Undergrad: 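Here you go, one structure.
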Amino acid sequence: ALPVPGASPEEKNARVVQDYLEKFYQLPPKGFLSERQNSSSVIVEKLKEMQRFFGLNETGKPDRETLEMMRKPRCGVPDSGD
Amino acid sequence: FMLTPGNPKWKQMNLTYRIIKYTTQLSKANVEDTIKEAFQVWSNVSPLTFTKISQGEADIKIAFVRGDHGDNSPFDGPNGILAHAFQPGQGIGGDVHFDAEETWTLTSSNYNLFLVAAHEFGHSLGLAHSTDPGALMYPNYAFQDPSTYNLPQDDINGIQTIYGPSNNPVQPTGPSTPTACDPRLTFDAIATLRGEILFFKDKYFWRRHPQLSIVELNFISLFWPSLPTGIQAAYEDVDKDLVFLFKGCRYWALRGYDVEQGYPRDISDYGFPSSVQAIDAAVYYRRKTYFFVNDQIWRYDNQRQSMEPGYPKSIASLFPGIESKVDAVFQQNHFFLFFSGQTYYKFDLSAHRVTRIDRSNRWLNC
């Protein structure tokens with residue numbers, strides 16, 4: 001995720017999460033869902049799906065170990081779906 | 001392992017590949033040799049064959065490209081996404097793209113082309129990502145020595161599910177990733193490291209964070225590419241901020257996550273007689289290092305830098321209740337934690353007795 005100048009750590013982390021879940025867990029890009037839907041339920045579900053894949057605690061939150069996993073170099077093929 | 005949704009596969013077993021665009025970082029010959037070896041990982045365990053062509057339409061087209069390269073999956077510059085591949089099919093089907101902006105190497109430096117290529121070819125053949133952290137088809141990059149690479153059983157099972165067994169009269173097998181909560185789990189070695197606890201097993205180690213008590217499995221080679229697998233003993237010298245790892249009669253020193261220069265060295269440095277060719281376990285406490293060899297214990301005086309007279313002794317004579325061979329040991333507060341098979345013994349150094357016996361994998365949150 002390209003860093004947004006002046007973004008707070010929380011905003012940076014949110015972008016890392018959004019970008020990662022869009023790329024590898026088919027999170028619909030921002031704008032495809034109403035803001036409310038995207039921020040509350042779909043992201044939490046997709047986060048849990050990613051945490052389940054990597055054997056992390058399924059908190060549905062971008063905790064430290066989840067963000068650490070998202071920053072590891074990897075293959076560009078999604079982990080779920082086509 | 002997982003198959004790509006829809007279970008796409010090649011109808012023919014004899015596939016062709018063509019390298020359309022090379023990287024400038026490696027010679028053409030190196031790229032071609034590496035790609036060939038990466039395909040052999042899959043042809044060794046299945047009926048598939050791979051033939052390189054230089055002209056015309058190949059089943060699997062390979063290219064090093066950067067940024068947006070017209071397939072709706074742009075690359076992201078150095079690190080992050082390293083490469084991607086398409087499932088079996090016509091046209092772009094089976095094709096593999098490597099991010100040209102990565103540093104591609106033939107060594108343990110990031111990123112080793114052989115490992116990434118072998119992974120991507122798994123996708124070209126119909127495999128999706130595996131959740132097994134030791135599998136080749138695990139999504140995250142983790143260096144392993146290509147010269148000793150052995151395709152894990154998880155990946156063999158996956159490719160054979162799609163294309164059937166190898167034509168070899170002897171079916172190839174591969175290593176399986178240890179699972180933390182396997183009741184039969186035993187450890188090769190254990191050491192503390194600046195508050196963390198490292199549990200070594202085969203080519204892996206679990207890393208237990210002190211506060212979070214999270215346990216994560218890693219390849220030894222991901223952190224220390226020059227270390228061998230199968231570490232047999234390990235201890236942390238907290239006074240020197242060094243961790244010593246032992247295999248056979250050699251030992252290495254780690255400072256944090258860096259391997260110290262000038263290693264490996266021979267365990268005769270400690271004053272062991274040549275009859276001692278390997279160490280089962282080791283632990284450091286108050287400027288003494290305790291070495292466990294079969295049913296005996298040696299104690300090394302780190303201040304005098306010599307083995308103490310009167311050793312070896314029987315382990316039970318110093319640690320009553322520790323009757324069997326010690327696989328691993330580490331110190332925590334005023335306890336030694338001895339691991340023997342699937343059991344650990346908590347030895348109170350003040351009370352001079354075992355105060356708790358439990359399953360070894362309790363330490364992995366099982």
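Scope of the values below: all heavy atoms of this structure, side chains included, with no hydrogens, waters or symmetry mates. Every chain is numbered from 1 and lettered A, B, ... according to where its sequence line falls, protein lines coming before strand lines. Predicted, not measured: the structure shown is a model, and the values here were computed from it.
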Undergrad: So how far is it from His129(B) NE2 to Cys75(A) SG, rounded to the nearest 0.5 Å?
TA: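 Reported value, rounded in 0.5 Å steps: 3.5 Å.
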
Undergrad: Distance check, rounded to the nearest 0.5 Å: Phe54(A) atom CZ versus Glu216(B) atom CD?
TA: 12.5 Å

Undergrad: Below 4.5 Å, heavy atoms only, C-beta onward: do Glu120(B) and Val77(A) meet side chain to side chain?
TA: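 Glu120(B) reaches Val77(A) side chain to side chain.
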
Undergrad: Chain A heavy atoms under 4.5 Å from Ala128(B): which part of the residue, side chain, backbone, both or neither?
TA: neither

Undergrad: Checking an interface table here. Which of residues 59-69 of chain B come within a heavy-atom distance under 4.5 Å of chain A?
TA: none

Undergrad: If you count the non-hydrogen atoms of other residues, nucleotides and ligands that lie under 6.0 Å from NZ in Lys72(A), is the total more than 12?
TA: yes

Undergrad: Please flag which part of Met70(A) lies under 4.5 Å from any non-hydrogen atom of chain B: side chain, backbone, both or neither.
TA: neither

Undergrad: Are any non-hydrogen side-chain atoms of His119(B) and Arg74(A) less than 4.5 angstrom apart?
TA: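 A side-chain contact under 4.5 Å is absent here.
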
Undergrad: In terms of heavy-atom proximity below 4.5 Å to chain A, should Tyr111(B) be classed as side chain, backbone, both, or neither?
TA: side chain

Undergrad: Hey, could you give me the CD1/CZ distance between Ile81(B) and Phe24(A), rounded to the nearest 0.5 Å?
TA: 4.0 Å

Undergrad: Quick check on the structure: residues of residues 134-141 of chain B within a heavy-atom distance below 4.5 Å of chain A, by number.
TA: Tyr138(B), Pro139(B), Asn140(B), Tyr141(B)

